[in-house]
Amino acid sequence: MNLAIRCRNLRKTYDDRVEALRGLDLEIRVGECFGLLGPNGAGKTTTIEILEGLLAPTSGEVEVLGRTWDTHSRELREMLGISLQETRLNEKLTVRETLELFASFYRYPRPPLQVMEEMALTEKSDAWVEKLSGGQRQRLAVATALVADPQILFLDEPTTGLDPQSRRQLWEIVRQFQRRGGTVLLTTHYMDEAERLCDRIAIVDHGVMIASGTPAELIEKLGGHRMVEFTTAGGEFAADSWSSLPGVEAVHQGNGTVVLSVRRLHETVPALLAALESRGSDLLHLTTRDASLEDVFVRLTGRRLRED
(Lines give C-alpha, C1' and ligand atoms only; values in the text may rest on other atoms or scores of the structure.)
Protein backbone atom coordinates (compact mmCIF):
# COMPACT_ATOMS: atom_id res chain seq x y z
CA MET A 1 0.00 0.00 0.00
CA ASN A 2 1.38 3.41 -1.00
CA LEU A 3 0.89 5.84 1.88
CA ALA A 4 0.88 9.61 1.53
CA ILE A 5 0.77 10.18 5.30
CA ARG A 6 1.54 7.90 8.22
CA CYS A 7 1.41 8.68 11.94
CA ARG A 8 2.29 6.35 14.79
CA ASN A 9 1.46 7.03 18.45
CA LEU A 10 1.27 10.77 17.80
CA ARG A 11 1.14 12.82 21.01
CA LYS A 12 1.05 16.54 21.72
CA THR A 13 0.96 18.10 25.18
CA TYR A 14 0.68 21.83 25.82
CA ASP A 15 2.17 23.40 28.98
CA ASP A 16 3.00 19.91 30.31
CA ARG A 17 -0.63 19.30 31.23
CA VAL A 18 -3.07 19.69 28.32
CA GLU A 19 -3.08 16.57 26.11
CA ALA A 20 -4.32 17.57 22.67
CA LEU A 21 -3.27 14.26 21.09
CA ARG A 22 -3.02 11.01 23.02
CA GLY A 23 -1.45 8.37 20.80
CA LEU A 24 -3.07 8.97 17.39
CA ASP A 25 -2.42 6.44 14.61
CA LEU A 26 -3.27 7.51 11.07
CA GLU A 27 -2.70 6.20 7.55
CA ILE A 28 -3.74 8.10 4.41
CA ARG A 29 -3.33 6.42 1.04
CA VAL A 30 -1.97 8.07 -2.06
CA GLY A 31 -4.75 9.37 -4.30
CA GLU A 32 -7.60 9.32 -1.80
CA CYS A 33 -9.66 12.07 -0.23
CA PHE A 34 -9.39 11.51 3.51
CA GLY A 35 -11.67 13.24 6.00
CA LEU A 36 -10.44 14.13 9.49
CA LEU A 37 -13.58 14.85 11.49
CA GLY A 38 -14.48 15.51 15.08
CA PRO A 39 -16.13 17.97 17.47
CA ASN A 40 -14.44 21.24 18.34
CA GLY A 41 -11.47 20.60 20.62
CA ALA A 42 -11.05 17.02 19.41
CA GLY A 43 -7.45 17.52 18.24
CA LYS A 44 -8.00 17.99 14.48
CA THR A 45 -6.19 21.33 14.18
CA THR A 46 -3.22 20.09 16.20
CA THR A 47 -2.97 16.99 14.02
CA ILE A 48 -3.08 18.97 10.78
CA GLU A 49 -0.53 21.53 11.94
CA ILE A 50 1.86 18.70 12.82
CA LEU A 51 1.35 17.06 9.42
CA GLU A 52 1.90 20.42 7.69
CA GLY A 53 5.17 20.93 9.54
CA LEU A 54 3.90 23.95 11.46
CA LEU A 55 3.98 22.27 14.86
CA ALA A 56 6.34 19.72 16.40
CA PRO A 57 4.81 16.73 18.16
CA THR A 58 5.68 15.93 21.76
CA SER A 59 6.36 12.35 20.68
CA GLY A 60 5.47 9.86 17.97
CA GLU A 61 6.37 9.26 14.33
CA VAL A 62 5.19 11.28 11.33
CA GLU A 63 5.96 10.51 7.70
CA VAL A 64 4.66 12.54 4.78
CA LEU A 65 5.31 11.06 1.34
CA GLY A 66 7.93 8.81 2.95
CA ARG A 67 9.81 11.77 4.40
CA THR A 68 10.07 13.42 7.81
CA TRP A 69 9.99 17.10 8.68
CA ASP A 70 13.26 16.78 10.60
CA THR A 71 15.27 15.83 7.54
CA HIS A 72 13.25 16.90 4.46
CA SER A 73 11.44 20.11 5.42
CA ARG A 74 12.33 22.11 2.29
CA GLU A 75 11.50 19.22 -0.02
CA LEU A 76 8.15 18.59 1.70
CA ARG A 77 7.08 22.22 1.48
CA GLU A 78 7.40 21.96 -2.30
CA MET A 79 5.04 18.96 -2.27
CA LEU A 80 2.19 20.35 -0.16
CA GLY A 81 -0.63 22.76 -0.91
CA ILE A 82 -2.42 24.28 2.06
CA SER A 83 -5.74 26.13 2.08
CA LEU A 84 -6.82 27.43 5.48
CA GLN A 85 -10.38 28.04 6.64
CA GLU A 86 -9.70 31.77 6.39
CA THR A 87 -6.86 32.91 4.14
CA ARG A 88 -5.94 36.60 4.36
CA LEU A 89 -4.79 37.85 0.98
CA ASN A 90 -3.60 41.30 -0.05
CA GLU A 91 -6.77 43.20 -0.90
CA LYS A 92 -5.00 45.51 -3.39
CA LEU A 93 -3.52 42.78 -5.55
CA THR A 94 -5.40 41.36 -8.51
CA VAL A 95 -6.22 37.67 -8.85
CA ARG A 96 -3.42 37.24 -11.40
CA GLU A 97 -0.88 39.11 -9.26
CA THR A 98 -1.83 37.03 -6.23
CA LEU A 99 -1.26 33.75 -8.03
CA GLU A 100 1.99 34.99 -9.58
CA LEU A 101 3.19 35.96 -6.10
CA PHE A 102 2.42 32.52 -4.67
CA ALA A 103 3.92 30.78 -7.71
CA SER A 104 7.18 32.62 -7.07
CA PHE A 105 7.53 30.76 -3.75
CA TYR A 106 8.09 27.42 -5.53
CA ARG A 107 10.75 26.09 -7.86
CA TYR A 108 8.36 24.26 -10.19
CA PRO A 109 4.92 25.90 -9.95
CA ARG A 110 2.02 25.46 -12.30
CA PRO A 111 1.33 28.34 -14.71
CA PRO A 112 -0.96 30.83 -12.90
CA LEU A 113 -3.10 31.29 -16.01
CA GLN A 114 -3.74 27.54 -16.13
CA VAL A 115 -4.77 27.49 -12.47
CA MET A 116 -7.07 30.48 -12.97
CA GLU A 117 -8.83 28.69 -15.81
CA GLU A 118 -9.19 25.54 -13.75
CA MET A 119 -10.66 27.52 -10.84
CA ALA A 120 -13.05 29.50 -13.08
CA LEU A 121 -11.27 32.77 -12.20
CA THR A 122 -10.06 33.82 -15.64
CA GLU A 123 -12.71 36.52 -16.00
CA LYS A 124 -11.59 37.94 -12.65
CA SER A 125 -7.85 37.90 -13.43
CA ASP A 126 -7.56 41.72 -13.27
CA ALA A 127 -10.02 42.21 -10.41
CA TRP A 128 -8.75 43.24 -6.99
CA VAL A 129 -9.12 40.68 -4.25
CA GLU A 130 -11.31 43.08 -2.27
CA LYS A 131 -13.86 43.06 -5.12
CA LEU A 132 -14.34 39.29 -5.15
CA SER A 133 -17.38 37.51 -3.76
CA GLY A 134 -17.07 35.04 -0.91
CA GLY A 135 -17.07 32.06 -3.26
CA GLN A 136 -14.50 33.66 -5.56
CA ARG A 137 -12.22 34.46 -2.60
CA GLN A 138 -12.38 30.87 -1.42
CA ARG A 139 -11.61 29.54 -4.90
CA LEU A 140 -8.65 31.92 -5.04
CA ALA A 141 -7.44 30.64 -1.67
CA VAL A 142 -7.53 27.08 -3.00
CA ALA A 143 -5.83 28.28 -6.20
CA THR A 144 -2.88 29.63 -4.16
CA ALA A 145 -2.45 26.08 -2.85
CA LEU A 146 -2.83 24.42 -6.26
CA VAL A 147 -0.36 26.74 -8.01
CA ALA A 148 2.40 24.89 -6.12
CA ASP A 149 1.51 21.75 -8.12
CA PRO A 150 1.30 19.79 -4.83
CA GLN A 151 1.04 16.07 -4.30
CA ILE A 152 -1.03 16.53 -1.14
CA LEU A 153 -3.71 19.18 -0.69
CA PHE A 154 -4.73 20.20 2.84
CA LEU A 155 -8.21 21.74 2.96
CA ASP A 156 -9.35 23.09 6.33
CA GLU A 157 -13.13 23.61 6.21
CA PRO A 158 -12.92 24.96 2.65
CA THR A 159 -16.64 25.61 2.14
CA THR A 160 -17.61 27.25 5.44
CA GLY A 161 -20.01 30.11 4.79
CA LEU A 162 -20.32 29.47 1.05
CA ASP A 163 -23.58 29.27 -0.88
CA PRO A 164 -24.61 25.86 -2.29
CA GLN A 165 -23.39 26.62 -5.82
CA SER A 166 -19.94 27.72 -4.61
CA ARG A 167 -19.70 24.63 -2.41
CA ARG A 168 -20.35 22.33 -5.35
CA GLN A 169 -17.80 24.16 -7.48
CA LEU A 170 -15.16 23.47 -4.84
CA TRP A 171 -16.25 19.83 -4.64
CA GLU A 172 -15.56 19.46 -8.35
CA ILE A 173 -12.14 21.09 -7.92
CA VAL A 174 -11.29 18.48 -5.28
CA ARG A 175 -12.38 15.67 -7.61
CA GLN A 176 -10.28 17.09 -10.47
CA PHE A 177 -7.23 17.18 -8.21
CA GLN A 178 -7.80 13.56 -7.27
CA ARG A 179 -8.20 12.55 -10.91
CA ARG A 180 -4.69 13.92 -11.49
CA GLY A 181 -3.41 11.58 -8.77
CA GLY A 182 -3.40 14.05 -5.88
CA THR A 183 -4.15 13.22 -2.25
CA VAL A 184 -6.55 15.36 -0.21
CA LEU A 185 -6.79 15.75 3.56
CA LEU A 186 -10.09 17.45 4.35
CA THR A 187 -11.64 18.79 7.53
CA THR A 188 -15.25 19.89 7.42
CA HIS A 189 -18.24 20.53 9.63
CA TYR A 190 -20.66 19.53 6.85
CA MET A 191 -21.57 15.86 6.94
CA ASP A 192 -23.01 15.82 3.42
CA GLU A 193 -19.66 17.14 2.19
CA ALA A 194 -17.75 14.38 3.95
CA GLU A 195 -20.10 11.70 2.61
CA ARG A 196 -19.80 12.98 -0.97
CA LEU A 197 -16.06 13.68 -1.13
CA CYS A 198 -14.24 11.37 1.27
CA ASP A 199 -13.07 7.89 0.33
CA ARG A 200 -12.31 7.23 4.00
CA ILE A 201 -12.88 9.10 7.25
CA ALA A 202 -11.30 9.16 10.70
CA ILE A 203 -13.34 10.47 13.61
CA VAL A 204 -11.25 11.85 16.45
CA ASP A 205 -12.31 13.01 19.90
CA HIS A 206 -10.27 13.94 22.96
CA GLY A 207 -7.06 13.38 21.01
CA VAL A 208 -7.67 9.78 19.94
CA MET A 209 -9.26 8.08 16.96
CA ILE A 210 -12.63 6.62 17.91
CA ALA A 211 -13.73 5.31 14.49
CA SER A 212 -12.46 5.02 10.91
CA GLY A 213 -13.58 3.63 7.58
CA THR A 214 -15.54 4.57 4.49
CA PRO A 215 -18.72 6.61 5.04
CA ALA A 216 -20.79 3.49 4.32
CA GLU A 217 -18.76 1.39 6.76
CA LEU A 218 -19.14 3.95 9.54
CA ILE A 219 -22.89 4.13 9.03
CA GLU A 220 -23.05 0.32 9.07
CA LYS A 221 -21.16 0.31 12.37
CA LEU A 222 -23.83 2.59 13.78
CA GLY A 223 -26.00 -0.47 14.15
CA GLY A 224 -28.90 0.51 11.94
CA HIS A 225 -29.79 1.54 8.41
CA ARG A 226 -32.82 3.69 9.20
CA MET A 227 -33.52 6.39 11.77
CA VAL A 228 -36.85 7.16 13.43
CA GLU A 229 -37.19 10.60 15.03
CA PHE A 230 -40.19 11.58 17.10
CA THR A 231 -41.42 13.97 19.78
CA THR A 232 -44.32 13.53 22.17
CA ALA A 233 -46.51 15.70 24.36
CA GLY A 234 -46.35 13.31 27.30
CA GLY A 235 -42.87 14.18 28.56
CA GLU A 236 -39.62 12.27 28.23
CA PHE A 237 -39.23 8.57 28.96
CA ALA A 238 -36.08 6.67 29.86
CA ALA A 239 -34.06 5.31 26.94
CA ASP A 240 -34.88 1.79 28.11
CA SER A 241 -38.50 2.50 27.24
CA TRP A 242 -37.59 2.49 23.55
CA SER A 243 -34.60 0.15 23.36
CA SER A 244 -36.86 -2.83 23.98
CA LEU A 245 -38.95 -2.13 20.87
CA PRO A 246 -38.45 -4.64 18.03
CA GLY A 247 -35.69 -3.72 15.57
CA VAL A 248 -34.17 -0.94 17.71
CA GLU A 249 -30.37 -1.01 17.84
CA ALA A 250 -29.66 2.30 19.64
CA VAL A 251 -31.48 5.21 21.28
CA HIS A 252 -30.46 8.87 21.53
CA GLN A 253 -32.45 11.61 23.26
CA GLY A 254 -31.92 15.36 23.31
CA ASN A 255 -33.93 18.60 23.26
CA GLY A 256 -37.16 16.67 23.59
CA THR A 257 -36.52 14.52 20.51
CA VAL A 258 -35.99 10.77 20.56
CA VAL A 259 -33.92 9.21 17.76
CA LEU A 260 -34.03 5.45 17.22
CA SER A 261 -31.52 3.57 15.08
CA VAL A 262 -33.41 0.62 13.65
CA ARG A 263 -32.90 -2.44 11.47
CA ARG A 264 -36.52 -3.40 10.79
CA LEU A 265 -38.51 -0.23 10.21
CA HIS A 266 -41.71 -2.11 9.39
CA GLU A 267 -41.66 -3.67 12.86
CA THR A 268 -40.42 -0.70 14.88
CA VAL A 269 -42.91 1.97 13.81
CA PRO A 270 -46.13 -0.02 14.57
CA ALA A 271 -44.66 -1.11 17.92
CA LEU A 272 -43.70 2.49 18.71
CA LEU A 273 -47.20 3.78 17.96
CA ALA A 274 -48.73 1.06 20.09
CA ALA A 275 -46.35 1.88 22.98
CA LEU A 276 -47.21 5.57 22.84
CA GLU A 277 -50.92 4.83 22.82
CA SER A 278 -50.64 2.49 25.82
CA ARG A 279 -48.86 5.22 27.78
CA GLY A 280 -51.34 7.91 26.82
CA SER A 281 -48.64 9.98 25.18
CA ASP A 282 -49.63 12.12 22.19
CA LEU A 283 -47.32 11.94 19.18
CA LEU A 284 -46.40 15.44 17.96
CA HIS A 285 -43.93 14.59 15.21
CA LEU A 286 -42.49 11.48 13.55
CA THR A 287 -40.11 11.12 10.61
CA THR A 288 -38.03 8.30 9.16
CA ARG A 289 -34.82 8.67 7.14
CA ASP A 290 -31.62 6.91 6.17
CA ALA A 291 -28.82 6.84 8.73
CA SER A 292 -26.10 9.45 8.16
CA LEU A 293 -22.63 10.38 9.37
CA GLU A 294 -24.24 12.92 11.67
CA ASP A 295 -25.92 10.01 13.46
CA VAL A 296 -22.53 8.31 13.77
CA PHE A 297 -21.19 11.42 15.49
CA VAL A 298 -24.05 11.68 17.92
CA ARG A 299 -23.67 8.06 18.91
CA LEU A 300 -19.88 8.08 19.22
CA THR A 301 -19.30 11.50 20.79
CA GLY A 302 -22.65 12.33 22.36
CA ARG A 303 -22.82 15.65 20.52
CA ARG A 304 -23.43 16.96 17.06
CA LEU A 305 -20.45 17.95 14.95
CA ARG A 306 -21.12 21.68 14.96
CA GLU A 307 -21.63 21.90 18.72
CA ASP A 308 -18.94 23.60 20.82
Side-chain angles (χ1 to χ4, degrees), residues 4 31 33-36 44-45 48-49 51-54 64-65 73-190 192-194 196-198:
C33 180
F34 190 92
L36 188 62
K44 302 188 304 297
T45 299
I48 290 174
E49 288 183 351
L51 298 180
E52 293 171 344
L54 302 177
V64 180
L65 297 169
S73 61
R74 172 62 184 177
E75 187 177 357
L76 281 173
R77 295 195 192 284
E78 294 279 346
M79 298 176 169
L80 307 184
I82 300 171
S83 179
L84 305 176
Q85 181 179 351
E86 183 178 356
T87 303
R88 295 186 179 276
L89 301 171
N90 191 314
E91 300 280 313
K92 297 302 182 181
L93 290 181
T94 65
V95 169
R96 176 177 48 79
E97 290 169 341
T98 299
L99 287 180
E100 288 174 348
L101 173 64
F102 275 78
S104 70
F105 300 156
Y106 301 93
R107 286 178 291 184
Y108 307 107
R110 295 179 62 196
L113 291 178
Q114 183 185 89
V115 177
M116 275 192 292
E117 182 177 357
E118 181 179 301
M119 303 298 291
L121 289 170
T122 305
E123 293 183 358
K124 295 292 182 179
S125 62
D126 294 322
W128 284 355
V129 171
E130 67 176 0
K131 300 296 184 181
L132 301 180
S133 67
Q136 291 165 348
R137 281 174 179 256
Q138 193 65 359
R139 292 206 306 275
L140 177 57
V142 175
T144 62
L146 290 176
V147 78
D149 196 18
Q151 295 183 39
I152 302 178
L153 182 62
F154 289 85
L155 296 177
D156 187 8
E157 299 187 32
T159 63
T160 297
L162 297 187
D163 61 84
Q165 181 179 1
S166 296
R167 288 181 68 203
R168 282 166 175 76
Q169 287 175 331
L170 276 174
W171 291 354
E172 182 55 31
I173 290 165
V174 170
R175 295 187 182 103
Q176 288 176 4
F177 180 74
Q178 275 191 275
R179 285 195 286 268
R180 296 199 302 270
T183 304
V184 180
L185 177 56
L186 171 76
T187 70
T188 180
H189 275 122
Y190 298 113
D192 62 327
E193 186 163 271
R196 286 173 178 265
L197 289 181
C198 296

Find the distance between CD (E130) and CG (L89) and round it off to the nearest 0.5 Å. 12.5 Å
Salt bridge R96-E100, side-chain N to carboxylate O under 4.0 Å: yes
Please determine whether the number of non-hydrogen atoms from other residues, nucleotides or ligands lying under 6.0 Å from atom CD of E123 exceeds 12. no
Take atom CZ of R179 as the centre, draw a 6.0 Å sphere, and report whether it contains more than 12 heavy atoms from other residues, nucleotides or ligands. yes
When you measure from the side chain of T183 to the backbone N and O of G31, does any donor-acceptor pair fall under 3.5 Å? yes
N/O donor-acceptor pair under 3.5 Å between Q136 side chain and S133 backbone: yes
I'd like to know whether R74 forms a salt bridge (Lys or Arg N to Asp or Glu O under 4.0 Å) with E78, so could you lay out the CA-CA distance, the side-chain angles of the two residues, the decisive distance to 0.1 Å, and finally the verdict. CA-CA 7 Å; R74 172 62 184 177; E78 294 279 346; 2.9 Å; yes
Is the shortest distance from a Lys or Arg side-chain nitrogen in K44 or E157 to a carboxylate oxygen in the other one below 4.0 Å? no
Where do T159 and W171 land on the side-chain contact (heavy atoms from CB on, under 4.5 Å) test, with the steps shown first? CA-CA 9 Å; T159 63; W171 291 354; 4.3 Å; yes
SB check E118 R110 (cutoff 4.0 Å): yes
Measure from the side-chain N and O atoms of T98 to the backbone N and O of T94, and report whether any donor-acceptor pair falls under 3.5 Å. yes
Considering all heavy atoms, the nearest G135-S166 contact: CA-OG, 3.7 Å
pair P150-F177: side-chain heavy atoms closer than 4.5 Å: yes
Here the pair of heavy atoms bringing A148 nearest to L80 is CB-O, 4.3 Å
Please determine whether the number of non-hydrogen atoms from other residues, nucleotides or ligands lying under 6.0 Å from atom CD of E117 exceeds 12. no
Quick one: are L155 and T187 in side-chain contact, heavy atoms under 4.5 Å? no
Start with the C-alpha gap between L51 and F154, add the side-chain angles, then the distance that decides, and say whether side-chain contact (heavy atoms from CB on, under 4.5 Å) holds. CA-CA 9 Å; L51 298 180; F154 289 85; 4.0 Å; yes
Hey, could you give me the CG/CD distance between D156 and E49, rounded to the nearest 0.5 Å? 9.0 Å
Side chains of R139 and L121: does their closest heavy-atom pair fall under 4.5 Å? yes
Is a donor on one side and an acceptor on the other found under 3.5 Å between the side chain of Q138 and the backbone of P158? yes
Any side-chain heavy-atom pair of H189 and T160 under 4.5 Å: no
Work out which heavy atom in C33 is nearest to a heavy atom in Q178; give both atom names and the distance. N-NE2, 3.1 Å
CZ on R107 to CZ on R77, rounded to 0.5 Å: 13.0 Å
Check the pair T144 / L101 against side-chain contact (heavy atoms from CB on, under 4.5 Å), numbers first and verdict last. CA-CA 9 Å; T144 62; L101 173 64; over 6 Å; no
Using 0.5 Å steps for rounding, measure from the CG atom of L76 to the CD atom of E52. 12.0 Å
At what distance, to the nearest 0.5 angstrom, does CG of D149 lie from OH of Y106? 11.0 Å
Is E91 atom CD crowded by more than 12 heavy atoms from other residues, nucleotides or ligands, each under 6.0 Å away? yes
Looking at CG of L132 and CG of L140, how far apart are the two atoms once the value is rounded to the nearest 0.5 Å? 6.5 Å
Does a side-chain heavy-atom distance below 4.5 Å link I48 with I82? no
Keeping the roles fixed (side chain from E193, backbone from Y190), state whether a donor-acceptor pair exists under 3.5 Å. no
Between R167 and D192, does any NZ, NE, NH1 or NH2 come within less than 4.0 Å of an OD or OE carboxylate oxygen? yes
Start with the C-alpha distance between R196 and R175, add both sets of side-chain angles, then the distance that settles side-chain contact (heavy atoms from CB on, under 4.5 Å), and finish with yes or no. CA-CA 10 Å; R196 286 173 178 265; R175 295 187 182 103; 4.2 Å; yes
Do the non-hydrogen side-chain atoms of V142 and I173 ever get within less than 4.5 Å of each other? yes
Closest heavy-atom pair, S83 versus A145, reported as atoms and distance to 0.1 Å, is N-CB, 4.2 Å
Looking at side-chain heavy atoms only, is the closest gap between I152 and L65 below 4.5 Å? yes
